[in-house]
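Below, all heavy atoms of this structure are taken into account, side chains as well, without hydrogens, waters or symmetry copies.
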Amino acid sequence: MPPARSPLALALTFLGAAGLVTLTACSESLAIPSTGSSAAVTAEATDPTAPADSAPVPTTSAPDDSSDPTDPTDATDATDATAPPGAPVGTIEWSELEDGVDEGLLAVPLDHGNPDGDQIELYLVRHRATDPSARIGVLFVNPGGPGYGASDLAAQADFIYDRPLLDAFDIIGIDPRGTGLSEPAVDCVDAYDPYFGVETGPDDAAEDAALREAAVEFTAGCVERSGDLLRHLTTVDAARDMDLVRQAVGEETVSYFGWSYGTQLGAAWATLFPDTVRAAVLDGAVDPTVGRIDGLVQQAAGFDASLSSFLADCSADVTCAFHNDGDAEGAFFDLLVRVETTRIPTTAGRPELTQGVFEVGVAQAMYSDAFWPQLATALATAAAGDGGGMLALYDAYFGRLPDGTYGDELEAYFAITCADDPAPDDAAAAIDEAVARRRDFSVAAPRISTKDSYEVLICASFPEGATGPGNDGFRITGAGAGPIVVVGNTGDPATPFEGSRRMAETLEDGVFVAVEADQHTAYGLNACIDDAIDGYLVSLVVPDDLTC
């Protein structure tokens with residue numbers, strides 16, 4: 001399931017980091033009528049060449065091809081790898097949303113290989129620098145996902161970033177193609193329960209058949225509703241879009257701040273366009289050295305490790321609602337067996353407490369230890385025969401709205417994930433491989449891994465050619481981009497610490513900052529990491545051998 005949610009996406013949608021959980025805006029909230037005047041900004045297109053080779057661009061981590069990186073090409077060649085020569089750069093018509101905040105649209109090619117063909121529209125929000133005399137330039141931001149729009153991160157900038165960033169930058173959030181308010185947006189299904197509130201760990205042939213059928217039906221819905229868009233949703237496509245936005249706002253260089261999957265997008269952009277990079281921070285970085293499936297296995301192990309920390313903490317705390325006389329671990333195992341073998345009711349008209357509901361609910365609470373008390377209460381009530389608390393966590397994970405509807409973030413997540421790493425042409429073989437890899441997940445994370453192995457099955461179930469050729473062997477290096485600061489939390493379940501460290505090692509001039517914390521991503525956690533990030537983005541002071 002989506003690992004690429006940062007604490008900011010969390011706060012802005014339904015996860016959230018400590019200190020930011022009071023924010024409640026989501027992508028749909030930005031459908032606000034425009035007011036005020038608009039101003040056009042144009043720029044000339046640059047001539048492109050072929051991109052540099054680099055480490056594999058993943059969806060949750062990387063495409064399943066984990067071959068060794070090739071030598072990078074010249075950095076100047078990578079810089080100009082936009083669209084084919086002569087591709088026009090569009091005009092952004094900015095309209096004021098509120099004082100100091102604008103919204104705009106930019107038309108870009110659906111297919112960067114055919115710039116004169118069909119166009120799509122990117123939705124952008126710009127939070128203008130609050131101190132014009134201190135303005136440095138533009139800061140692109142992205143919360144991760146993949147599947148989340150970034151416009152909220154600009155619209156809500158006053159609640160997210162420290163004053164130095166607000167003063168110095170026009171903060172621009174782009175809803176990446178297929179997401180948020182960009183058009184068209186990915187759409188697959190109306191309700192999630194039939195596809196994710198199911199038994200994700202089949203115990204017999206009938207359950208296995210039902211799981212496979214759910215995956216096929218979900219992907220068929222994506223193909224029916226989203227069509228050719230699915231073939232043009234790779235990370236490289238989105239990185240090329242970013243450079244077209246840069247050109248449209250008239251900046252020779254820009255800075256970047258990305259979280260979770262946004263680190264992958266930022267690293268791809270820095271590799272493609274290194275001469276346009278002023279500074280870049282990657283917080284909670286994905287591991288670019290492993291294939292996608294192995295990356296998901298790593299992530300499952302990360303969530304299981306965080307679960308162990310939660311259970312140990314609960315066992316040691318007599319006030320924990322799931323204390324169970326100091327044996328929360330044993331009680332969790334008993335409850336897990338019960339979920340697999342019986343049915344615990346939740347809410348009328350909703351799924352019972354299946355493995356799918358249970359594991360997603362646990363995963364939701366692992367993104368930050370701020371959610372551990374809620375999980376403890378939900379587990380205790382489930383053990384008492386009421387799965388409603390776990391269902392609430394499951395609903396929060398998927399962003400279910402009070403009226404029972406959902407945004408399109410999950411659909412976009414799968415569309416982008418599977419576009420980056422398309423299944424082999426032999427659909428039957430792809431599904432067989434997905435099933436065969438279940439054991440790897442269960443070994444790495446014996447308690448909460450079936451939802452992750454199910455994700456592999458979903459990507460394998462897309463029809464041949466539906467998600468395009470992928471990223472064509474593109475590999476991340478960051479060659480020529482200068483220092484890129486990479487941040488990793490020691491207890492990050494979604495982007496594990498060692499994977500973030502490997503991102504820093506993969507980049508030509510990666511600088512790693514370690515943070516001791518049990519949550520996903522670090523900005524906003526303490527003054528140490530905030531000052532390091534702010535200082536680098538504003539003053540280009542590179543942190544040296546720092547642990548926060």
Side-chain angles (χ1 to χ4, degrees), residues 3-4 6 51-63 65-66 69-70 72-73 75 78-79 81 139-146 150 174 176 234-243 246 253-292 295 298 416-417 420-421 470-488 492 494-496 498-513 521-523 533 536-537 542:
S6 71
D53 288 336
S54 61
V57 170
T59 48
T60 45
S61 331
D65 178 289
S66 54
T70 58
T73 60
T79 301
L139 176 67
F140 285 151
V141 292
N142 184 275
I174 307 165
T234 67
T235 297
V236 167
D237 287 323
R240 296 185 190 281
D241 290 342
M242 286 173 56
D243 191 64
R246 175 195 63 80
T253 64
V254 293
S255 301
Y256 181 83
F257 191 177
W259 294 262
S260 200
Y261 164 81
T263 68
Q264 174 188 304
L265 176 59
W269 163 74
T271 298
L272 283 167
F273 310 103
D275 286 352
T276 72
V277 179
R278 176 187 169 274
V281 172
L282 312 180
D283 185 358
V286 300
D287 184 345
T289 69
V290 297
R292 174 176 175 269
Q298 283 184 357
I416 296 167
T417 294
D420 267 347
D421 185 25
N471 288 300
D472 296 326
F474 172 80
R475 305 179 74 79
I476 286 169
T477 63
I484 296 177
V485 172
V486 181
V487 182
D492 190 327
T495 51
E498 289 303 323
S500 293
R501 186 193 298 277
R502 282 190 285 271
M503 172 65 88
E505 293 169 348
T506 296
L507 295 167
E508 180 183 72
D509 198 1
V511 178
F512 188 65
V513 177
T521 77
Y523 190 69
I533 290 174
Y536 173 60
L537 288 174
V542 179

Tell me, please, which residues at least two apart from [X] pass side chain to side chain donor-acceptor pair (under 3.5 Å).
X    : value
T234 : D237, N471
E505 : none
D241 : H112, R177

Does any N or O in the side chain of [X] come within less than 3.5 Å of the main-chain N or O of [Y], such that one atom is a donor and the other an acceptor?
X    : Y    : answer
T271 : G478 : yes
R501 : P496 : no
Q264 : P288 : no

- Message: Run the ring-ring contact (aromatic ring centres under 6.0 Å, His included) test against Y536 and tell me which residues pass, sequence neighbours left out.
- Response: none
- Note on the structure: The side chain to side chain contact (heavy atoms under 4.5 Å, CB included) partners of A239 (sequence neighbours excluded) come to L265, A268, W269, L272
- Note on the structure: Sorted by chain and number, sequence neighbours left out, side chain to side chain contact (heavy atoms under 4.5 Å, CB included) with A150 holds for N142, P143
Are [X] and [Y] packed together at the side-chain level, in the sense that at least one heavy-atom pair is separated by less than 4.5 angstrom?
X    : Y    : answer
Y256 : V277 : no
T235 : F474 : no
R246 : M242 : no
V486 : T263 : no
D420 : R292 : no

Specify the closest pair of heavy atoms between [X] and [Y], including all atoms of both residues, with the distance to one decimal.
X    : Y    : result
P274 : A479 : CB-O, 3.3 Å
T253 : R278 : OG1-CB, 3.9 Å
A279 : L537 : CB-CD2, 4.2 Å
P146 : T417 : CG-OG1, 3.9 Å
G284 : S500 : C-OG, 3.8 Å

- Query: Considering the options L507, V487, T495, which one meets the side chain to side chain contact (heavy atoms under 4.5 Å, CB included) requirement together with L282?
  - Reply: L507
- Atom CD of Q298 and atom OG1 of T289: how far apart are they, to the nearest 0.5 Å? 6.5 Å
- Value rounded to 0.5 Å, distance of CZ in F273 from CG in D243: 4.0 Å
